[in-house]
S.K.: 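I am attaching a structure below and will ask some questions about it afterwards.
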There are 2 protein chains.
Amino acid sequence: MYTSGMENESGVRGRTRRAILAAAASVLARDRAATLADIAEAAGVGRSTLHRYFADREELINAVVEDSLTVISQSIDEAALGQGPPLEAMRRLVAAMLDVADRLMFLWGDPRVLDAFDKSSPAEDGSEAAPQSVADLIERGQAEGVFDPEVSVDWIQNVLWAVVYTGVEQVEKGLMPRHGVHATVVRTFENGIRRHAS
Amino acid sequence: MYTSGMENESGVRGRTRRAILAAAASVLARDRAATLADIAEAAGVGRSTLHRYFADREELINAVVEDSLTVISQSIDEAALGQGPPLEAMRRLVAAMLDVADRLMFLWGDPRVLDAFDKSSPAEDGSEAAPQSVADLIERGQAEGVFDPEVSVDWIQNVLWAVVYTGVEQVEKGLMPRHGVHATVVRTFENGIRRHAS
DNA sequence: TCGTATTGACACACTGATGTCTTAAATTGA
DNA sequence: TCAATTTAAGACATCAGTGTGTCAATACGA
């Protein structure tokens with residue numbers, strides 16, 4: 001074998017595996033019915049190689065879901081949502097989500113994820129699951145009187161996904177510069193579309 | 001023949017055709033990869049009957065798209081977006097969209113529609129195309145100082161779709177009562193998620 | 001450099017969806 | 001009721017995607 005005894009990380013296998021996962025997320029995000037041949041081509045590997053890493057389509061999808069959840073969770077963790085004023089934490093959260101837009105777009109297209117991602121996923125280490133920390137942030141914001149207390153935490157969370165998704169879509173369609181998305185998303189998410197005094 | 005000379009409207013053929021279109025929109029909205037057999041079953045007709053009305057899958061999809069656009073446009077037309085204060089017109093628009101949620105959800109899942117629906121579709125009668133009238137409303141709202149003038153018309157329109165979509169999704173998942181969606185959507189769309197003085 | 005693991009291209013069988021056709025039964029309007 | 005049309009069900013061929021396997025060529029680590 002190339003790699004010593006390791007299963008996950010480095011070495012050829014790890015790198016190829018990650019390339020396939022990233023390509024799959026990117027391709028499937030734009031067309032969830034994409035062929036395994038399409039994914040293999042996007043990853044720059046042969047279809048038989050893809051099959052060697054992931055026995056069947058379902059196994060690949062599962063791996064991409066898991067991987068995406070991990071990547072997103074890490075990104076959200078780094079936003080340190082528990083620290084500082086809720087409004088600022090929320091802005092960091094938006095930035096974190098925009099950083100992993102590809103994975104987000106993929107998860108968005110997966111039917112079961114909307115359930116899985118809203119509920120708390122088991123965190124092996126001490127850190128809380130990312131979705132739970134988002135919910136915590138929203139609750140905290142409501143308690144401190146910064147976020148609308150008349151609507152549910154779940155609603156706010158879903159609207160956040162939706163507005164971020166819209167922003168990513170606009171960028172991909174070339175209707176908005178990449179560097180302007182964060183400001184627009186945050187502005188709309190916080191204020192809505194009604195004119196406010198500056 | 002059953003029907004006299006008519007092509008579209010009433011008679012057995014028209015009724016069967018509409019049943020198939022409605023069933024297709026509903027089924028495809030939830031799973032765009034649904035089988036023609038699934039659609040036929042949902043419509044309560046045999047698969048061969050479906051094939052008699054729509055030669056192949058593509059033709060069916062096209063018909064559903066066109067039909068959905070028509071239904072939605074009618075609903076939006078009835079909202080009379082040109083009349084009254086922009087904010088109130090916008091609330092009527094949200095109500096109109098929620099009325100045709102099934103068709104909206106279907107169109108949402110179709111890759112090319114996002115382009116087709118944002119641009120003006122040709123209106124054979126004197127009335128403006130529905131999307132264009134929405135854009136007009138937004139522009140009017142911005143001009144009158146009611147809507148945020150710092151963001152583009154396109155952005156506001158897309159955020160509107162997104163928030164409405166989120167609302168419909170919540171209802172379908174049973175997370176929100178059907179009669180409460182309109183108020184929540186409007187509230188969030190107008191004010192965002194930040195607390196405002198009542 | 002050398003031995004070994006890994007790769008990509010190819011061939012093959014299998015499955016499910018699709019589109020076409022036929023036929024007997026059912027529905028329709030008169 | 002009756003004749004005409006429409007229907008559902010099934011048989012059938014086709015096709016694309018999938019999963020499996022083989023084999024020579026390649027890339028890697030020691």
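These numbers come from the heavy atoms of this one structure, side chains and all, not from hydrogens, waters or symmetry mates. A note on names: the letters A, B, ... follow the listed sequences, proteins ahead of strands, and every chain is numbered from 1.
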S.K.: Rounded to whole angstrom units, what separation is found between the CG atom of A:Leu50 and the P atom of D:dG17?
M.R.: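 Answer to the nearest Å: 15 Å.
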S.K.: Atom CD1 of B:Ile20 and atom P of D:dT6: how far apart are they, to the nearest Å?
M.R.: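 Going from CD1 in B:Ile20 over to P in D:dT6 covers 14 Å.
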S.K.: Find the distance B:Ile61:CD1 to C:dA17:P and express it as a whole number of Å.
M.R.: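 So the CD1-P distance, B:Ile61 to C:dA17, works out to 15 Å.
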S.K.: Determine whether any donor atom in the side chain of A:Arg47 lies under 3.5 Å from an acceptor atom in the base of D:dG17, or the reverse, and answer yes or no.
M.R.: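 Result: no qualifying N/O pair found.
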S.K.: Would you mind reading off the distance between A:Ile39 atom CD1 and C:dG8 atom P, rounded to a whole angstrom?
M.R.: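 Rounded to the whole Å, the gap is 15 Å.
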S.K.: By nearest nucleotide on DNA chain D, pick out whichever of A:Glu58 and B:Val45 is the more 5' one.
M.R.: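 Checking each residue's closest nucleotide, the 5'-ward one belongs to B:Val45.
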S.K.: Begin from the C-alpha positions of A:Gln132 and A:Asp136 and carry the test side chain to side chain donor-acceptor pair (under 3.5 Å) through to its verdict.
M.R.: CA-CA 6 Å; A:Gln132 184 54 46; A:Asp136 286 345; 3.0 Å; yes
S.K.: B:Thr35 near the nucleic acid: base, sugar-phosphate alone, or nothing, with a heavy-atom cut-off under 4.0 Å?
M.R.: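 Since only primed, P, OP1 and OP2 atoms lie under 4.0 Å of B:Thr35, the category is sugar-phosphate.
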S.K.: Report the residue from B:Arg195, B:Arg194, B:Arg187 that forms a salt bridge (charged side-chain N to carboxylate O under 4.0 Å, His left out) with A:Asp148.
M.R.: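 With A:Asp148 as partner, salt bridge (charged side-chain N to carboxylate O under 4.0 Å, His left out) holds for just one option, B:Arg187.
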S.K.: State whether a side-chain donor-acceptor pair under 3.5 Å links A:Thr184 with B:Trp155.
M.R.: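 Note: A:Thr184 and B:Trp155 side chains miss the donor-acceptor criterion.
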S.K.: How long is the line joining CZ of A:Arg52 and P of D:dT26, in whole Å?
M.R.: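 From A:Arg52 CZ to D:dT26 P: 16 Å.
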S.K.: Specify whether A:His196 and B:His196 have parallel, tilted or perpendicular ring planes, treating 30° as the upper limit for parallel and 60° as the lower limit for perpendicular.
M.R.: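 Tilted.
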S.K.: Examine C:dT7: is either OP1 or OP2 under 4.0 Å from a nitrogen or oxygen in the side chain of A:Tyr53? Give yes or no.
M.R.: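 Answer yes for this pair, as a side-chain N or O of A:Tyr53 is under 4.0 Å from OP1 or OP2.
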S.K.: Could you state the atom-to-atom distance from NE2 of B:His51 to C1' of C:dC21 in whole Å?
M.R.: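 Those two atoms, NE2 and C1', are 12 Å apart.
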S.K.: Provide, to the nearest angstrom, the distance between the CZ atom belonging to B:Phe54 and the P atom belonging to C:dT18.
M.R.: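 Answer to the nearest Å: 15 Å.
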S.K.: Looking at B:Ser48, does any N or O in its side chain come under 4.0 Å of the phosphate oxygens OP1/OP2 on C:dT20?
M.R.: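 The answer is no; no side-chain N or O of B:Ser48 sits under 4.0 Å from OP1 or OP2.
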S.K.: Regarding B:Arg57, tell me which of base, sugar-phosphate or nothing describes its non-hydrogen contacts under 4.0 Å with the strands shown.
M.R.: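 Since only primed, P, OP1 and OP2 atoms lie under 4.0 Å of B:Arg57, the category is sugar-phosphate.
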S.K.: What are the two closest non-hydrogen atoms of A:Gln83 and A:Arg92, and how far apart are they?
M.R.: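 Looking at all heavy atoms of both residues, the shortest contact is O-NH2, 2.9 Å.
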S.K.: I need the CG-P distance between B:Leu36 and C:dA17, as an integer number of Å.
M.R.: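 Answer to the nearest Å: 10 Å.
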